[in-house]
There are 2 protein chains.
Amino acid sequence: MMVGMFSSSGESVAVIDGQAEDAAAEVWRRIRSISHDPQAMAVCHQITQETGLALAPQRALLVLPLDEAISMRQLARRLGCDNSYVTPLVDTLEGRGLAVRRPHPSDRRVKVIELTEPGRALAERVQLADSTPPDTFGQLTEAELGTLRDLLRKLDPV
Amino acid sequence: MMVGMFSSSGESVAVIDGQAEDAAAEVWRRIRSISHDPQAMAVCHQITQETGLALAPQRALLVLPLDEAISMRQLARRLGCDNSYVTPLVDTLEGRGLAVRRPHPSDRRVKVIELTEPGRALAERVQLADSTPPDTFGQLTEAELGTLRDLLRKLDPV
DNA sequence: TATTGTTATACTCTATAACTATA
DNA sequence: TATAGTTATAGAGTATAACAATA
């Protein structure tokens, strides 16, 4: 719980519960704070209201390629979950006509999952919402965003 | 999935799945990527190994004041969860001798929860791990961290 | 009558293990 | 014998509703 900020000898220091916080700790705290943007989740909740689709299958739509079929296993890999978990997820999507399972042409053990046209439209919506920055980003100039991007690249292992 | 980066007319542009990404989108993506630091969770998993304490009660330790008693209701508020959920959490902490419930001196409906000495030690450990930035932060100079902090302050609603 | 905490119950997300069909 | 997907089951995290005690 931040209670104030003061400047001493040109150094701006955030104060948390009476304890001074160094720049690295503040950056870390703010990165996590910003990343928990309620706005991003708002779209998901709205889709839940509209379609009754739970969050888990929405996450599947998020990682499903728009114009390419991938196997159940590949989908599990993209979701970072177990193979078995993906079955009821695709069941749900299929039950709502958002995706279809097809047999793999050469390997009959494999099923590929492919978005239908309505599924593709919804996936596009989910993916766009996910990649769209919060409104507060508009408070930075292009130059500032460039600087920020360069600094974050140094922090990002990827 | 980022596949490359190229520079054209002095502008550095990240390329994702063949599509150019603007600075704001890249900043947003990296903020979320950095915030999902596995290092922070590693300590929690280690504590789970050592003590058998699940993640949920560890979260309680994270928000419990080290040297002050708060009510169940206040703890629920800090955790952002329902009142009823906090009961089994405190049961667990109490069962392990990490905290105690005491009656509120003036309002007998209220119970205050207070860390024991071992609970306080573990809470300190959890809280320190939580507020410690990932190692990659060492790649930035103090000046760069200051710049980064100032830019993030503009994005942070708090 | 409103509020604090508890109990009972149920729902969501996710994993493990055992199984089937195919390779 | 190894792999893709499914089924059955279980566990973690969390909420809602009903309840008891106190205010």
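Naming: A, B, ... by sequence-line order, numbering from 1 per chain.
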With distance as the sole test, does A:Arg30 use its side chain to make a donor-acceptor pair with the main-chain N or O of B:Leu152 at under 3.5 Å?
no

Give the nucleotide from the list C:dT4, D:dG5, D:dA15 with an atom nearest to the side chain of A:Asn83.
D:dG5

I'd like to know if B:Asp156 and A:Arg29 make a salt bridge, using a cut-off of under 4.0 Å between side-chain N and carboxylate O.
no

Answer with yes or no whether A:Thr87 presents, from its side chain, a donor or acceptor under 3.5 Å of a partner atom in the base of D:dT7.
no

Grab the CG-P distance between A:Asp91 and D:dT7 for me, whole Å please.
7 Å

Between A:Tyr85 and A:Asp107, just flag the one whose closest nucleotide in DNA chain C comes earlier from the 5' side.
A:Tyr85

Is B:His104 atom NE2 crowded by more than 12 heavy atoms from other residues, nucleotides or ligands, each under 6.0 Å away?
yes

Can you tell me how far C1' of C:dG5 sits from CD1 of B:Ile70, to the nearest Å?
14 Å

Measure the distance from CZ on B:Arg102 to C1' on C:dT4 and round it to the nearest whole Å.
19 Å

With respect to the side chain of B:Met72, which nucleotide from C:dT14, D:dA4, C:dT6 is positioned closest?
C:dT6

Mind checking B:Thr48 for me? I need base, sugar-phosphate or nothing, with any heavy atom below 4.0 Å counting as a touch.
nothing

Give a yes-or-no answer on whether the side chains of B:Thr132 and B:Gln39 include a donor-acceptor pair shorter than 3.5 Å.
no

Which of C:dA23, C:dC13, D:dG13 is nearest the side chain of A:Arg109? It is C:dA23

Expressed in angstrom and rounded to an integer, what is the separation of A:Gln74 atom CD from D:dT3 atom C1'?
14 Å

Specify the separation, in whole Å, of atom CG of B:Leu89 and atom P of C:dG5.
14 Å

When you measure from the side chain of B:Arg101, which nucleotide among C:dT6, C:dA23, D:dA15 comes out closest?
C:dT6

In whole angstroms, how far is the P atom of D:dG5 from the CG atom of A:Leu79?
13 Å

Residue pair A:Asp82/B:Leu55 against DNA chain D: nearer the 5' end by closest nucleotide is A:Asp82

Taking the side chain from B:Thr48 and the backbone from B:Leu53, do they hold a donor-acceptor pair closer than 3.5 Å?
yes

For A:Arg59 and C:dT14, is the shortest distance between a side-chain N/O and OP1 or OP2 below 4.0 Å?
yes

A:Lys111 NZ to C:dT22 C1': how many Å, rounded?
12 Å

Closest approach to the side chain of A:Arg108, judged atom by atom: which nucleotide of C:dA17, D:dG5, C:dA23 is it?
C:dA23

Can you tell me which nucleotide in C:dC13, C:dA15, D:dA15 comes closest to the side chain of A:Ser84?
C:dA15

Spacing between B:Ile113 atom CD1 and C:dT4 atom P, to the nearest angstrom:
17 Å

